[in-house]
Protein chains: 2
Amino acid sequence: MQLDERKQEILKAIINNYFETALPVGSRTISKQYNLGVSPATIRNEMSDLEELGFIIQPHASAGRIPSDKGYRLYVDMVMQLQKAEYRKLVYLEELKASAGRIEDLLKIIAKRLAEETNYATLISTPQYKKTKIKNIQLVEVSSQDLLVIVVAERNQVKDSLIHLEQPIHQELLTRLSVCINQELKGMTLEEINLDCIHRIKGNNAQEQRIMSEVLDVIFKAIRQIDEADIFTYGAANMMKLPEFQDVGKASSIMKALEQEEILEDIINTTFESDDGNVKIVIGEENNIQDLRDLSLITTSYHINGEKAGAIAIIGPKRMDYVNTISNLRMLIKDVDELLTQLSRR
Amino acid sequence: MQLDERKQEILKAIINNYFETALPVGSRTISKQYNLGVSPATIRNEMSDLEELGFIIQPHASAGRIPSDKGYRLYVDMVMQLQKAEYRKLVYLEELKASAGRIEDLLKIIAKRLAEETNYATLISTPQYKKTKIKNIQLVEVSSQDLLVIVVAERNQVKDSLIHLEQPIHQELLTRLSVCINQELKGMTLEEINLDCIHRIKGNNAQEQRIMSEVLDVIFKAIRQIDEADIFTYGAANMMKLPEFQDVGKASSIMKALEQEEILEDIINTTFESDDGNVKIVIGEENNIQDLRDLSLITTSYHINGEKAGAIAIIGPKRMDYVNTISNLRMLIKDVDELLTQLSRR
DNA sequence: GTTAGCACTCAATCATTTGGAGTGCTAACA
DNA sequence: TGTTAGCACTCCAAATGATTGAGTGCTAAC
């Protein structure tokens, strides 16, 4: 059976109506509100076909129809093709640019604003530094046994880590160590630095093996720590206003899910890994996280200097406003990329 | 009217029963389950008195009684007097000590674990640095126009801030600047550093006024930024399992409240300011945050080197398990103080 | 292929009933 | 005087049942 024009129209009508009401849609409603020029009876026949094809579902025998995940998918794909990007600069980014904040704070503000604007939940990860090359590593003596390791990376991303030494260290040795470490590690990406190359550095300096070893181990740990991305969420409470989550059980499982770091990481990682520069839509059970099967995700990556750096996700009900949310996100990401790139360059 | 022994017993019985069931408690239930040696009729008379005194409330005419805020307060005060601190070291703190993490990460883990253990929501603030004295300020050149300001404070608390200069700066000037800044600011607390003293430094160096001014302004901003405490929440979703919040409206308003930074800051600040080394209990409307009027807070401050540094709060229903939660928190705080002090000293 | 008509289904709603838990009051009792 | 049994009364919660209305599927006619 083919999905002819009329079936498509009817499917669209069902979905549009369901978007507004969150209630099953019947044939009479469609025939009255969308003048397709056919009677309810005809629409019923078509709906029967659409159900057979798996695009819509009847919650119970005498109810109207609601879209299935497959139906949503078809709809979204159809609509997205028509959608042309109409660009409007987001107001608050000017503010952000002015504030001399750190990247993390910027991202937090962005996620928060996005949640407020869309009325859905948002998720954002801080930049991943794996691919970033090390510009230099500074060792600063804080006290005789405390050393501050500062890693300055390619895009002026800075992370520090305070380490405590078992033994005091001489200024002279510190300088030598610093020179040596920089020689070896400068220009490497964070992910390239592994135990092997740490050992190589150790080997070069037979004399102070012991202290060297200690410092290097801690530097290695510090670099690993730098590598970890944080994830922030906002607007989870927005979900509770929606009619589909008036059931406390459902609402509760969603809130719990959005508190679990593994789930958030999963979303962010999936987004990050599958990045092709486009906004992705994941509808209902298309995502494999049980607790989020009643939700849809709109995800994308942001970039610094043209390279993907982190991910943003918007989480909403399956009947979320895909068109506006996506165009919102598209515009946002354009500005964010630009902003972050500027910040990283200056 | 006096609160004689029997009235107290009955009040306790009502509260204990309500703790378990979250349902209004009637006279028959009390007479059956707690053998006070009197009939339901007598208990009814007493309950009538207790209600007149404001310790219990009747939700509607033919219902049992539930405790009022005043009733909870009396109960908590009574019970807390009896309670003697029975100390048991928390298991996971050993783990924490071993991990070379930063303070923020430790606090996050603590809050998370506490939420899991108590099944309530928890709130924790990162240390406030206002009272901390500056040990030294390092200026590290990252590139010709980028300067990394590293503020090392008394307890080896380190914060850095990357600043971008309008003009390049010479190495020689940088050194001079660094010496000068350290001379002036070393030993001051973060809260003592204000625009006045920044201006004083400027004044001393008429020659390089312009660049000096620029750098100092940014340092000042950076210090202000360092000063800001973060707040983390965990376990908000735990609230939704409780019978009293099965109503979506209530649950929703709580979740929303726990997402609002101002509210969290309010809780933390109040706790911090009223700290006297003890655990505080705030029941229902005793706190002035409308959205939290159905909840109780158990709060306390943690300390570093004997000085209060940040705050922890546990948020739960009014019928929360005060006794265990408080003793849990007391033990925790003891260990946390010790742990953080150790970390700051080494 | 489309439509009108009709029987049928089912959930939601509303009024009514019923049961039970609880109270307050009164009169009797120790 | 404090305690208690008894009783009328109240009110909520759950069950029952009738009603409504939205919706379907099927059939026969156009």
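By convention in this document, chain letters (A, B, ...) are assigned in the order of the sequence lines, proteins followed by strands, and residues within each chain are numbered from 1. Just so you know, these numbers come straight off a predicted model, no measurement behind them.
- Using a 4.5 Å heavy-atom threshold, the side chains of Ile314(A) and Met320(A) count as touching.
- Screening Thr118(B), Leu114(B), Asn324(B) for a side chain to side chain contact (heavy atoms under 4.5 Å, CB included) involving Leu329(B) leaves a single residue, Leu114(B).
- For the segment residues 25-38 of chain B, the set of residues with a heavy atom within less than 4.0 Å of an atom of DNA chain C comprises Gly26(B), Ser27(B), Thr29(B), in numerical order.
- Contact annotation for Ala63(A): backbone-only contact, meaning every heavy-atom pair under 4.0 Å involves sugar-phosphate atoms and none involves a base.
- With hydrogens and angles ignored, the 3.5 Å screen pairs a side-chain donor or acceptor of Ser68(B) with a backbone N or O of Phe55(B).
- For Asp276(A), the side chain to side chain donor-acceptor pair (under 3.5 Å) criterion is met by Lys280(A), not counting sequence neighbours.
- Mapping heavy-atom proximity under 4.0 Å, the span of DNA chain C touched by chain A runs 5' to 3' from dT2(C) to dA11(C).
- Of all heavy-atom pairs spanning Pro40(A) and Ser27(A), the tightest one is O-CB, 3.6 Å.
- Ring centroid separation for the pair Tyr18(B) and Tyr75(B) does not come in under the 6.0 Å cut-off.
- Stem regions annotated for DNA chain D: C:1-30 with D:1-30, counting only runs of 3 or more consecutive pairs of Watson-Crick or G-U type with both contacts under 3.5 Å.
- In Lys70(A), the NZ atom is crowded: over 12 heavy atoms of neighbouring residues, nucleotides or ligands sit closer than 6.0 Å.
- No hydrogens or angles considered: a donor-acceptor pair under 3.5 Å links the side chains of Thr270(B) and Asp266(B).
- Of all heavy-atom pairs spanning Ala313(A) and Ile267(A), the tightest one is CB-CG2, 4.0 Å.
- With Glu244(A) as the fixed residue, the salt bridge (Lys or Arg N to Asp or Glu O under 4.0 Å) test singles out one of Lys250(A), Arg319(A), Lys318(A): Arg319(A).
- Arg73(A) meets the salt bridge (charged side-chain N to carboxylate O under 4.0 Å, His left out) test with Asp77(A), Glu286(A); sequence neighbours excluded.
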Grab the N/O contacts between the protein and nucleotides 10-14 of chain D below 3.5 Å, and write none if there aren't any.
| unit_1 | atom_1 | unit_2 | atom_2 | d |
| --- | --- | --- | --- | --- |
| dT10(D) | O2 | Ser62(B) | OG | 3.1 |
| dC11(D) | O4' | Ser62(B) | OG | 3.0 |
| dC11(D) | O2 | Ser62(B) | OG | 3.0 |

